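For reference, the structure discussed in these notes is given below.
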Number of protein chains: 2
Amino acid sequence: MDDGLPASGAQDGTVGKALDVLDMVASKGRPVRFTDLLAEGRFPKATLYRLLQTLTNQGMLAFDPERQSYAPGMRLVRLAHSAWRQSSLAPIARPHVDALAAAVGETIHLAQLDTGQVLYVDKRNARQPVEMFSQAGKVGPAYCTGVGKAMLAWLEPAELASVLARQSFHRFTDYTLDSPEALMAELAAIRARGFAFDREEHEPGIICVALPILTRGERVLGALSVTSTTARTTLTALEALVPRIRDTAARIAAEAESWRFPEQDTKGGR
Amino acid sequence: MDDGLPASGAQDGTVGKALDVLDMVASKGRPVRFTDLLAEGRFPKATLYRLLQTLTNQGMLAFDPERQSYAPGMRLVRLAHSAWRQSSLAPIARPHVDALAAAVGETIHLAQLDTGQVLYVDKRNARQPVEMFSQAGKVGPAYCTGVGKAMLAWLEPAELASVLARQSFHRFTDYTLDSPEALMAELAAIRARGFAFDREEHEPGIICVALPILTRGERVLGALSVTSTTARTTLTALEALVPRIRDTAARIAAEAESWRFPEQDTKGGR
DNA sequence: CTTTTGGTTCCAATATGTGAAACTTGGTTT
DNA sequence: AAACCAAGTTTCACATATTGGAACCAAAAG
């Protein structure tokens, strides 16, 4: 529930501001009144008002006249459907994730990195039917989740630095790595080892193994994790699953590459 | 696969144009190159170029430098997650839909009306695991689906007129109602009967029963349908499920109302 | 009845967005 | 190679949309 997104950064033009407002509305997890947004102090009254109006009659926001409040609009859901299908790994990965889920019988997460945060794009629950969208689209911290660390570990130094700067290093549990230095050391270990653990760093009792999904050129596409609880299993037991997960990750990567770059073999560099 | 969204309508300011571009990119189901968009003729070169840049570095679009193409960006997925949780019926309806799915063992759809189109916000497959997001967020025609007609039938005249104007009346099958008049007659019948059928109007072999989800004041919140095939069942058999579906719809409506308007009883009118 | 709170509209100043045309860039053709 | 495209990028004078302080209005509170 703790969030704290550290502002978006540069804002280009009116469009940038409008999207900023959209984020403001979305990030409060509930319908917001005009005043709530105004109180944020990011925009003057009239400006905010106009932006809200524009977004509303574009369907990006929904205005509830009874409660006089704004909420993210359904047009976003429509657009996101396209985004998910086209830009995420999920559609490509699905069959492989299914197979993995069937094989290991534990909760699987498929994630990508977005703006320095972990974005879950697909999920399989242990036994019960999939939890849909309510899980896909969710974001989480990168520095204290298995998938997050797995991706960070293979980032290029420049990219890593920029991502690192965005981490809040909030101490969720006693095991949370709460400094860039601690994280850097951990990332080196992960890179050496080839996979990441989550040792109850985000939620007490929750542990996982995670592997990055890498292109042949070692560019990070996403990450895959198997999650369980300390009550049910141990890190050592989870580690036994690594080969299976690695295989799945490799298949996904291969397919993603051949799907996005139909032919490209003779070309050398990145 | 046939689509044909009849343009968005009024475009307010730069933001409107930017969102238009976003739609253009999203509506092609694949990565698009600059020229493809330019060919659409909606915007002059330089303008389109700038809009694309803005959207891209806002994360609303993703640019693939290798293929030189644009696709909807992951920021949309993040935003849509909020939208789905806050503005859709799905989170409220979930337990009820689950129960219904367990009871009837057929495919269930939960839909809402958006811009004159049916927007599926949740789905349960008959037995096999849910088909995820690839279904939630999908849009379909209103005039030839069970959920669509169920919602249209309870719309206020003014609203109905505006929705009607947006229908393409494409003839998907021999049974598709392909004129406003035919549809109006059908809607009257549906209103009288209390529920809607889909008699293979959208896809051959696919039939369903659908009921609207209405507030106490008969305002349309969404619709719920049970779908099957002519091979497996008949309309008459589906009709037997109506009481069960009606009950589910009522529960969802009740919860939606009490959730969105915590207390409000003495107030008279709409 | 006055005041406050929350929301909407005005309007002149100006920052922003516009788009025709000129310019690169990288790949073809002659 | 030189000449030629086509696709993508940048420029720049001009127009327009955006800005935000302040005035305004409505409904609730005092």
Side-chain angles (χ1 to χ4, degrees), chain A residues 8-25 28 30-58 60-71 261-270, chain B residues 8-25 28 30-58 60-71 73 261-264 266-270:
Chain A
S8 38
Q11 62 177 59
D12 26 13
T14 315
V15 177
K17 290 182 194 177
L19 296 177
D20 247 9
V21 172
L22 204 56
D23 269 344
M24 283 168 57
V25 175
K28 317 258 178 193
R30 57 188 160 70
V32 252
R33 272 204 315 294
F34 181 84
T35 320
D36 300 326
L37 296 170
L38 187 60
E40 212 115 311
R42 318 255 280 103
F43 301 97
K45 223 184 196 182
T47 303
L48 180 62
Y49 180 71
R50 242 174 316 99
L51 289 174
L52 285 171
Q53 273 206 161
T54 304
L55 288 169
T56 301
N57 73 50
Q58 287 290 335
M60 300 297 279
L61 290 179
F63 180 69
D64 177 348
E66 320 227 13
R67 311 209 71 189
Q68 295 211 141
S69 61
Y70 298 88
F261 323 117
E263 67 272 336
Q264 174 245 51
D265 268 299
T266 45
K267 277 282 182 75
R270 62 160 54 265
Chain B
S8 39
Q11 63 177 58
D12 25 14
T14 315
V15 176
K17 289 181 194 176
L19 296 177
D20 248 8
V21 172
L22 204 55
D23 269 344
M24 283 168 58
V25 175
K28 317 257 177 195
R30 57 189 161 69
V32 251
R33 271 202 317 292
F34 181 83
T35 320
D36 300 325
L37 296 169
L38 186 60
E40 212 115 311
R42 316 256 279 106
F43 300 98
K45 223 185 194 182
T47 302
L48 179 63
Y49 180 72
R50 246 173 315 100
L51 289 173
L52 285 171
Q53 275 207 158
T54 304
L55 288 170
T56 301
N57 72 51
Q58 287 290 333
M60 300 296 280
L61 290 179
F63 180 69
D64 177 348
E66 320 227 15
R67 311 208 72 190
Q68 294 211 140
S69 62
Y70 298 88
F261 323 117
E263 68 273 336
Q264 174 245 52
T266 47
K267 277 284 183 73
R270 62 161 54 263

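The sequence lines fix the lettering, A, B, ..., with proteins before strands; numbering per chain opens at 1. In this text, all values refer to a predicted model and were calculated from it rather than measured experimentally.
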Assign the ring pair B:F34 / B:Y49 to parallel, tilted or perpendicular, where the plane angle (0 to 90°) is split at 30° and 60°.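 Perpendicular, since the angle between the ring planes exceeds 60°.
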Readout for nucleotides 16-30 of chain D: B = base within 4.0 Å of protein heavy atom, S = sugar-phosphate only, - = neither; 5' to 3' it is -SSBBB---------
Quick check on C:dT9: is either OP1 or OP2 less than 4.0 Å from any side-chain nitrogen or oxygen of A:Y49?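 Yes, A:Y49 has a side-chain N/O under 4.0 Å of OP1/OP2 on C:dT9.
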May I ask you to evaluate whether B:Q68 reaches the phosphate of D:dA7, defined as a side-chain N or O under 4.0 Å from OP1 or OP2?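 So the side chain of B:Q68 is outside the cut-off, no N or O lying under 4.0 Å from OP1 or OP2 of D:dA7.
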Rounded to the nearest angstrom, tell me the gap between atom [atom1] in [X] and atom [atom2] in [N].
{"X": "B:L48", "N": "C:dG17", "atom1": "CG", "atom2": "P", "result": "15 Å"}
{"X": "A:L52", "N": "C:dG6", "atom1": "CG", "atom2": "P", "result": "16 Å"}
{"X": "B:R33", "N": "C:dT25", "atom1": "CZ", "atom2": "C1'", "result": "16 Å"}
{"X": "B:Q53", "N": "C:dG19", "atom1": "CD", "atom2": "C1'", "result": "15 Å"}

Divergence of helical axes at both termini of the helix from C:dC1-D:dG30 to C:dT30-D:dA1 - five pairs an end, 10° steps: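 The two end axes of the helix from C:dC1-D:dG30 to C:dT30-D:dA1 meet at 20°.
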Would you say the side chain of A:T14 lies within less than 4.5 Å of the side chain of A:T54, judging by non-hydrogen atoms?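 No, every pair of side-chain atoms sits at 4.5 Å or beyond.
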In the structure I gave you, are the side-chain heavy atoms of A:V32 and A:S69 within less than 4.5 Å of one another anywhere?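 A side-chain contact is absent here, since even the closest heavy-atom pair is not under 4.5 Å.
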To check you understand the geometry: which heavy-atom pair defines the closest contact between B:V25 and B:L61, and what is its length?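 That closest heavy-atom pairing would be CG1-CD2, 3.7 Å.
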Supply the atom-to-atom distance [X] [atom1] to [Y] [atom2], rounded to the nearest 0.5 angstrom.
{"X": "A:Q58", "Y": "A:L22", "atom1": "CD", "atom2": "CG", "result": "11.5 Å"}
{"X": "A:Y70", "Y": "A:L52", "atom1": "OH", "atom2": "CG", "result": "4.5 Å"}
{"X": "B:R50", "Y": "B:K45", "atom1": "CZ", "atom2": "NZ", "result": "13.5 Å"}

Take B:D20 and B:F43, measure what side chain to side chain contact (heavy atoms under 4.5 Å, CB included) needs, and give me the verdict at the end. CA-CA 10 Å; B:D20 248 8; B:F43 300 98; 4.1 Å; yes
